[in-house]
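Presented below is the structure to which this report refers.
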Protein chains: 2
Amino acid sequence: MPRASLSRETVVGLALRVVDEEGPAALTLSAVAARAGVATPSLYKHVRNLAELRELLSAHVMSEISARIGDAVLGRSGDEALHALMAAWRSYVRTHPGRYEAMIQSPQPGVAEAGERLVDVMFAALRSYGLTDSGSVHAVRCLRSAVHGFVLLEAAGAFGLPESLDDTYELLTRMITAGLRAPRP
Amino acid sequence: MPRASLSRETVVGLALRVVDEEGPAALTLSAVAARAGVATPSLYKHVRNLAELRELLSAHVMSEISARIGDAVLGRSGDEALHALMAAWRSYVRTHPGRYEAMIQSPQPGVAEAGERLVDVMFAALRSYGLTDSGSVHAVRCLRSAVHGFVLLEAAGAFGLPESLDDTYELLTRMITAGLRAPRP
DNA sequence: GCCTGAAAGCTAATGCAATTAGCCTGCGGG
DNA sequence: CCCGCAGGCTAATTGCATTAGCTTTCAGGC
């Protein structure tokens, strides 16, 4: 394989830097090519098109999140696991807001697969609550919704008031953990 | 004012139809112009550029949501008000998924203003819980995060399993209402 | 050490959307 | 009846995605 200065992975890496530094809207093949020091059409030797690059990027970010969260939950259970999970998730998005935004706007295909790991981690974190199977499904959905909504709004700067966002997230965490322990209706 | 077949409002209306029928990605000046039966540059007589159209659209959608939710909460209080608020929000997004997605990707400026009404409605709905001022702020943020996250994931088709989404939303609603009644830590 | 084929890059060309500049015209108020 | 201008138009520019087809480099076989 000649002249392997670029590769699929390198291209995705450069794309990550673009969204990190200039935001998801700046992710163009031209921008990536410029960073690679290469003409735009050359990228087509590594990715099918912009849509595929977006998908690869999304899948990469999703994997990264799953890994972080998986690590955070390791060896913990119950409220402690939930707390660690939510903290790790938020922390990732605060560190890479551009990546998270870029992730959510790509179509599902490859992302769904990478997302399954995250869902698995969430199920594992909930195991000690002793929920039924379908109870876990609902619980995971609620957890996911709450965290996803919060980190998105935080990243968008949608919380203007001076109150501490840490306190808010703490409250959200408690709502979830308490809700999981609450009796079935 | 001659030939007033188009107006700022008409243009926004056509843009709404575009995102409703073809999704937020299809919102281009060309698409709007085509529906208006007019050449693309003519739109510049009504909106400054595509960015402004997006902003107007976002503000419009935000107002629409606030109005719906405001109506839903009218005359209710406590858990009932919260329940109605969340139901109305989700219902709006299910009816117009394209609009909601289009709304969130525009920059803040005009949207923030329209969003304040929504925040006001949420504060009003929470009044009967007897929270402190800053307690209300945190509560509103949690409510907003949870609902926003859920409707976004639902609209994106991110919930693949067969379990009832209505049940999940019911659980989420209960987590919020219960969390508001819970003692301070 | 030379030859070859495919990988990886390049240039040229097409098409579409945004945006700008400048022209044309219908029509409401005088 | 005339004038001004709002509102529409065409032409032209720019930037990005994508395709086609050419060129170069280098890994291996001879």
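Excluded from the calculations below are hydrogen atoms, water molecules and symmetry mates; all remaining heavy atoms, backbone and side chain alike, are included. Note that this is a predicted model, so its numbers are computed, not measured. Letters go in sequence order (proteins before strands), and every chain restarts at 1.
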Send over the distance from [X] [atom1] to [N] [atom2], rounded to a whole Å.
X	N	atom1	atom2	answer
Leu43(B)	dT20(C)	CG	P	13 Å
Arg8(B)	dG7(D)	CZ	C1'	15 Å
Glu52(B)	dT19(C)	CD	P	11 Å
Leu6(A)	dA8(C)	CG	P	9 Å
Tyr44(B)	dA12(D)	OH	C1'	14 Å
Leu29(A)	dT19(D)	CG	P	11 Å
Asn49(A)	dC16(D)	CG	P	17 Å
Arg54(A)	dC16(D)	CZ	C1'	11 Å

Looking at [X], I'd like to know whether one of its side-chain N or O atoms comes within less than 4.0 Å of OP1 or OP2 on [N].
X	N	result
His46(B)	dG8(D)	yes
Ser30(A)	dG15(D)	no
Thr28(B)	dC16(C)	no
Ser42(B)	dG7(D)	no

Which nucleotide, [options], lies nearest any side-chain atom of [X]?
X	options	answer
Ser5(A)	dT18(D), dG9(C), dC9(D)	dG9(C)
Val38(A)	dA12(C), dG8(D), dG9(C)	dG9(C)
Leu50(B)	dA18(C), dA8(C), dT18(D)	dA18(C)

Under a 3.5 Å cutoff, is there a donor and acceptor pairing between the side chains of [X] and [Y]?
X	Y	value
His138(B)	Thr168(A)	yes
Ser66(A)	Ser63(A)	no
Tyr100(B)	His148(B)	yes

**OP:** Please report the C-alpha distance between Arg144(B) and Leu153(A) in whole Å, then the side-chain angles of each, then the deciding distance to 0.1 Å, and finally whether the side-chain contact (heavy atoms from CB on, under 4.5 Å) criterion is met.
**Re:** CA-CA 9 Å; Arg144(B) 204 176 152 195; Leu153(A) 289 170; 4.1 Å; yes
Original post:
Would you say Asp79(B) and Tyr129(B) make side-chain contact, with heavy atoms under 4.5 Å?
Top reply: yes
Original post:
On DNA chain D, nearest-nucleotide positions of Lys45(A) versus Ala31(A): which is more 5'?
Top reply: Ala31(A)
